[in-house]
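A short write-up of the structure that comes next.
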Amino acid sequence: MYTTYNPLIMIETSAIRIEKTTQSRINELDENNIPFGRLYSDHMFLADYKDGQWQDLRIVPYQNISLSPANSALHYGITIFEGLKAYRNKDGEVVVFRPEANAKRLNISAERMCIPAVPEGLFMEALNELLKIDASWVPSAPGTALYVRPFVFGMDEYIGIRPSENFRFMIITGPVGSYYTKPVRVKIETKFSRAFEGGTGFAKAGGNYAASLYPARLAQKMGFDQLIWTDGKTHQYIEESGTMNVMFMIDDVLITAPTSGTILKGITRDSVLTIAREWGVKVEERPVAVAEVVAAAKEGRLKEAFGVGTAATIAPIATIGYEDEVYDLPAADDSFFSRKILKQLSGIRSGEIADKHGWIYKI
Ligand code: COI
């Protein structure tokens, strides 16, 4: 059993009960054709929070789970998640990119949603054991990875409104290819809001994504792939996109909105900014006015726009729609910052470029 008062607590491997599948589905994996989020690896991790403690840590064959119809997550969205990726490096080893950062961010989301912290030691041990068992699911083709989805949700059988008292922490994984298979067309949203000061925008809470679907669907009907959200109060400042943080190269300055109560503290975002600064690129983390981006696009000074995220990796933006206008951006080539940074991050993950930041965690 694990108490949550010390998020750095380490746990014994033997604390996880392991039941292996007798029928692997690995032959369903075609490394050359992996859609995002459709195929799941053979095993999953589960732990239950009861009586104030995380307990019953187990890895079992991937399968459906059973929930009460009165489950508190189903009714009130008491659910948070993380996204990280495992890669196969040039020596065939399985490595994970910055998992400790995900463990920490999960607990930032947890606090906001009245969910008990998952001890970082528990998170890391569960991840490590699960990836050891399902190592054969980590693909090696360029642009592929094993997507890891930790999540925590309320397990109370109670439809009154109150913080849940029982929870489940799970990790599922699945091989993935690109989230976006081509440069994305985004629309700057000026009517609907994703987040507002004092809300849950910074958390990876399920409800944030549920609320974004209707405006995104309207934009998709207009031929866009995604939205770029603006601040909920004035709609004059860029925040983030539906699945990623966004960055702009205006003249030779890399500009992105500062993370705040309304913007997710992206781990890819942080990695990109860290490397950009080391490369001597001028970086500005500051409020980014829609008017500034639109003016730069009109004047040909918006050299690049791209999304950054675990699932999206580095996703070049092809087109930005704003009000009734559409601005097309130049197609990325190898001289573009977005291409160079993608290459750098891929090199760090594959082990071809030295991991001087200690971002790589070996399984
Ligand atoms: C990720 O990038 O890992 C995310 O969680 C975004 C998700 C909407 C696919």
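This structure is a prediction, so every number in the text was calculated from the model and none was measured. One-based numbering, in listed order, for ligands and for the atoms of each.
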Run the ring-centre check on [X] versus [Y] and record whether the distance is less than 6.0 Å.
| X | Y | answer |
| --- | --- | --- |
| F45 | F169 | yes |
| Y209 | F81 | yes |
| F36 | Y147 | yes |

> R149: heavy atom below 4.0 Å from ligand 1, yes or no?
Replying inline: yes

> Judged by non-hydrogen atoms, does E82 sit under 4.0 Å from ligand 1?
Replying inline: no

[atom]: which protein heavy atom is closest, and how many Å away?
| atom | answer |
| --- | --- |
| atom 5 (O) of ligand 1 | K204 NZ, 2.9 Å |
| atom 3 (O) of ligand 1 | Y147 OH, 2.5 Å |
| atom 2 (O) of ligand 1 | A311 N, 2.8 Å |

> By number and element, which atoms of ligand 1 are closer than 4.0 Å to a non-hydrogen atom of F81?
Replying inline: 5 (O)

> Will you find, in the side chains of D42 and W137, an N or O donor that is under 3.5 Å from an N or O acceptor?
Replying inline: yes

> Between M244 and Y179, does a side-chain contact (heavy atoms from CB on, under 4.5 Å) hold up when you go through it step by step?
Replying inline: CA-CA 11 Å; M244 52 200 185; Y179 193 88; over 6 Å; no

